[in-house]
Amino acid sequence: MFEKLEMAPPDAILGLAAAFNEDPNPDKINLGVGVYMDAHGRTPGLACVQAAEKRLLDAAPVEGYLPIDGAPEYGALVQELVFGAEHPIIAEKCAATSHTPGGTGALRVAADFVKTQFPGAKMWMSDPTWANHGNIFAAAGVETAEYPYYDASAHGLAFEAMAEALKKIPAGDVVLLHGCCHNPSGVDPTNEQWQRLSDICTEAGWLPFFDLAYQGLGTGIEEDAAGVRTFAVPGRDMLVASSFSKNFGLYCQRVGALTVVGAAAEAAKAAQSQIKKCIRANYSNPPAHGGRLVVTVLTDPELRTIWQEDVKGIRDRINAMRELFVETLKAKGVTQDFSFIKDQRGMFSFSGLTKDQVNLLQDNHSIYIVNSGRINVAGMTEDNMDRLCAALAEVL
């Protein structure tokens, strides 16, 4: 049977990482895969997580399986980060959270939930969006469509076109929104624009679904939840997928969460019961260790303060690389205006590079960028910036 199978194409992003690893050039630069790297080009372990690891080594091991939706204390802490500790949604128990294997696991569980409970619903995604979003929803059998988001000519948000499109989405469909640090563009709505989008949601009646994968890497831990919190109004159903890969550095631990919000506590319980059925049929229950690390850090005031400082350090380094990138391109004689990159937030940026230019960078300079021109700003360092900008000046 297997002899008849055709080779599947490589993943657009992870396949690029494989090509990078096979490149023998000692000066190669990886600006493709979405992993944070420090000033030395390494993915660091956060100090707070390392301290939590030591504590867990001395603690009693987890015996048996976790509940299907994970440890209750983990879910409570996720809700606090997403909505704020004093939010009415938490006080009135209108939210229920499941610990999932990463943000991708949360997206897939949500897709299964939508498909089983609302089989006619369509999932609307921004144009562009993370390359894996479409794969996840297609695998669950959910039909997808796109709404306008990025204005390539202005290097910014096509807000009016986005708003007009969202007004026309039928009630009962699902709209996927990037909570902050939009991947791949790095362009987010303002607080005022989030409010307009929330008003449109109220009028149109679609279900908001937030992908919150980079909380803390944009403006701040609290500030980056502004979009979700604007939508979190009494009587509204919503879904939120969270990830702790980037803001805790827990890439290989696969720590995420799916939070469902109902108009009332009973509605949230009913939705959570169906989500647990989806989880049981998929991976049964989550792994314990990564969630325990998050709980250990967030429940200890000292470790939580260190975590907040660590996240600020990541955010500040990314923003510093944006500034240095624009300045170095100017110094190399590039006349094209790249100043928009300084205004974007998070790890990613749409550079405006064409597919041909991306290929030239890879073939001639061992610089790896996704074909769309999306660059991982966190892959830039003071050491590789000069070579990177010189190569860009050559292909532009």
For Ala140, side-chain contact (heavy atoms from CB on, under 4.5 Å) partners two or more places apart: Arg108, Ala111, Asp112, Val142

Residue pairs fulfilling salt bridge (Lys or Arg N to Asp or Glu O under 4.0 Å) with at least one residue in residues 226-241, sequence neighbours excluded: Glu222-Arg229

Show me the side-chain donor-acceptor pairs of residues 162-170 shorter than 3.5 Å, one per line, residues at least two apart or across chains.
{"unit_1": "Glu164", "atom_1": "OE2", "unit_2": "Lys167", "atom_2": "NZ", "d": "3.0"}

Tell me who clusters with Leu5, hydrophobic residues only, linked when side chains sit under 4.5 Å apart either directly or through other members. Met1, Phe2

Qualifying residues under side chain to side chain donor-acceptor pair (under 3.5 Å), relative to Gln272, sequence neighbours excluded: Asp69, Ser98

Here the ring-ring contact (aromatic ring centres under 6.0 Å, His included) pairs for residues 247-267, sequence neighbours left out, are Phe244-Phe248, Phe248-Trp307

List for me each residue that meets side-chain contact (heavy atoms from CB on, under 4.5 Å) alongside Lys277, sequence neighbours excluded, and say none if there are none. Gln274

Residue pairs fulfilling ring-ring contact (aromatic ring centres under 6.0 Å, His included) with at least one residue in residues 368-396, sequence neighbours excluded: Phe20-Tyr368

Can you list everything that forms a salt bridge (charged side-chain N to carboxylate O under 4.0 Å, His left out) with Asp386? Sequence neighbours excluded, please. Lys332

Residues two or more places apart in sequence or in another chain: which of them pass side-chain contact (heavy atoms from CB on, under 4.5 Å) with Cys180? Asp188, Leu212, Tyr214, Asp224

Pairs of donor and acceptor atoms involving the side chains of residues 46-54, under 3.5 Å and at least two apart or interchain, shall be tabulated with distances.
{"unit_1": "Gln50", "atom_1": "NE2", "unit_2": "Gly45", "atom_2": "O", "d": "3.2"}
{"unit_1": "Glu53", "atom_1": "OE1", "unit_2": "His289", "atom_2": "NE2", "d": "2.9"}
{"unit_1": "Glu53", "atom_1": "OE2", "unit_2": "His289", "atom_2": "NE2", "d": "3.4"}

With sequence neighbours excluded, residues passing side-chain contact (heavy atoms from CB on, under 4.5 Å) with His133: Leu107, Met125, Thr129, Trp130, Phe137, Leu176, His178, Asp211

